[in-house]
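Following: one structure in structure tokens, then a few remarks.
Order of the sequence lines fixes the chain letters, A, B, ..., with proteins taken first and strands second; residue numbering starts at 1 for each chain.
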Amino acid sequence: MNPQKKLPRKFYTRDVHVVAKELLGKFLVRKTGRIFLTGKIVEVEAYDGSIDKAAHTYGGKTKRNEVMFNEGGFLYVYFTYGMHFCSNVVTGKLNEGSAVLIRAVEPADGIDQMAINRFGKNNISAFELKNLTNGPAKICRAFDIACSLNGIDLTGEEIFILDSPKLSANKIAASTRIGIKKSVDLPWRYYIKNNSFLSRK
DNA sequence: CCACGGATTGGCT
DNA sequence: GCCAATCCGTGGA
């Protein structure tokens, strides 16, 4: 697929692990007013609705997780720990219940606005830059993503993902997922090796 | 009705 | 390295 082109529905309706790995290196774009905030996706986790006890959809459909049962290409935003939002890209077929959690991005465009969203100022240190979007809830703060965007169509204008060349397999690493208590041994966290904006090594 | 705990973060010991 | 912050969906009584 061509660089700088918005990913179409059919990109998202495939297997969650395929989509998760191919999302690495692509650009998350958030339009707020006239400003575009963009960042390269460098770390994700796959949640497979059918067999994954850690997936929010494992126990069946509820009001909270119903967006995750859509077909691929919608945004699932959930609220957790009383103060944080996390963003997921829904994947697969209708009622499959699979999604990819976006855990870290490398800031690209609109960094000043991201810094304001996250730290309340646009003059940030090198440390703060690295700390801007290297975690799932940090991304939501910097990109101004909250529950009002839950269920939004990723093929629309407000938030979407731009294509870029597929990374070769040797640039991608896999590990167990972070922060979960169920299915802890599944190696379903994927990230770009040696990228300095990862949430962890 | 009420208690529990979570796909996290950041501040304090 | 440990733990509080802080909300609300969920599930059990």
Side-chain angles (χ1 to χ4, degrees), chain A residues 12 15-17 19-21 23-24 28 39 41-70 72 74-92 96-107 114-121 124-152 154 159 161 173-192 195-201:
Chain A
Y12 298 106
D15 176 78
V16 63
H17 298 284
V19 176
K21 282 181 265 197
L23 279 174
L24 295 173
L28 178 66
I41 298 169
V42 300
E43 178 182 339
V44 298
E45 285 176 0
Y47 288 87
D48 186 323
S50 54
I51 55 172
D52 180 4
K53 291 190 176 69
H56 285 174
T57 47
Y58 185 74
K61 192 182 284 190
T62 66
K63 193 170 186 180
R64 180 195 191 209
N65 67 22
E66 62 182 354
V67 168
M68 208 171 142
F69 285 96
N70 279 342
F74 292 87
L75 190 70
Y76 168 49
V77 180
Y78 68 89
F79 184 71
T80 191
Y81 294 108
M83 55 179 70
H84 298 303
F85 295 102
C86 295
S87 297
N88 301 255
V89 173
V90 178
T91 69
E96 182 178 317
S98 296
V100 176
L101 172 70
I102 302 177
R103 285 198 56 88
V105 306
E106 178 176 332
M114 290 184 207
I116 290 169
N117 291 345
R118 191 151 139 60
F119 298 117
K121 60 180 184 178
I124 56 173
S125 65
F127 176 80
E128 286 168 324
L129 177 63
K130 283 209 170 188
N131 198 31
L132 195 54
T133 54
N134 63 339
K138 296 175 187 180
I139 293 169
C140 288
R141 273 284 284 282
F143 279 70
D144 191 25
I145 295 169
C147 54
S148 62
L149 292 182
N150 186 36
I152 199 168
L154 287 170
I159 183 162
I161 299 175
S175 77
T176 55
R177 295 172 294 181
I178 294 170
I180 56 173
K181 300 231 168 74
K182 301 164 190 167
S183 304
V184 293
D185 294 326
L186 296 172
W188 288 356
R189 169 178 175 250
Y190 305 108
Y191 58 96
I192 298 177
N195 185 280
S196 52
F197 291 88
L198 298 176
S199 68
R200 314 202 186 169
K201 294 180 182 176

Taking dG5(B) as the reference, what is the distance to dC3(C) when you measure between their C1' atoms (whole Å, please)? 15 Å
Under 4.0 Å, counting only non-hydrogen atoms across every strand here, what does R64(A) touch: a base, just sugar-phosphate, or nothing? sugar-phosphate
By the definition side-chain hydrogen bond (donor to acceptor under 3.5 Å, both in side chains), identify the one residue from K201(A), R200(A), R189(A) that meets it with S175(A). R189(A)
How many Å lie between CE on M68(A) and C1' on dG9(C), as a whole number? 15 Å
Those residues that, when tested against E128(A), pass salt bridge (Lys or Arg N to Asp or Glu O under 4.0 Å) (two or more places apart): K121(A)
Quick check: does any side chain N or O of D48(A) sit under 3.5 Å from a backbone N or O of S98(A), one acting as donor and the other as acceptor? no
Is T133(A) close to R118(A) at the side-chain level, that is, under 4.5 Å between some pair of heavy atoms? no
In Watson-Crick or G-U wobble terms, with both distances under 3.5 Å, the base opposite dC3(C) is dG10(B)
Quick one: how far along DNA chain B does chain A reach, first to last nucleotide 5' to 3', anything under 4.0 Å to a heavy atom? dG6(B) to dG10(B)
P-based separation of dA4(C) from dC4(B) [nearest Å]: 15 Å
Would you mind telling me which residue lines up with the more 5' stretch of DNA chain B, K181(A) or A137(A), judged by nearest nucleotide? K181(A)
Measure from the side-chain N and O atoms of N88(A) to the backbone N and O of V90(A), and report whether any donor-acceptor pair falls under 3.5 Å. no
Taking atom types as modelled, is there a side-chain donor on N134(A) or K138(A) under 3.5 Å from an acceptor on the other? yes
Regarding R118(A), tell me which of base, sugar-phosphate or nothing describes its non-hydrogen contacts under 4.0 Å with the strands shown. sugar-phosphate
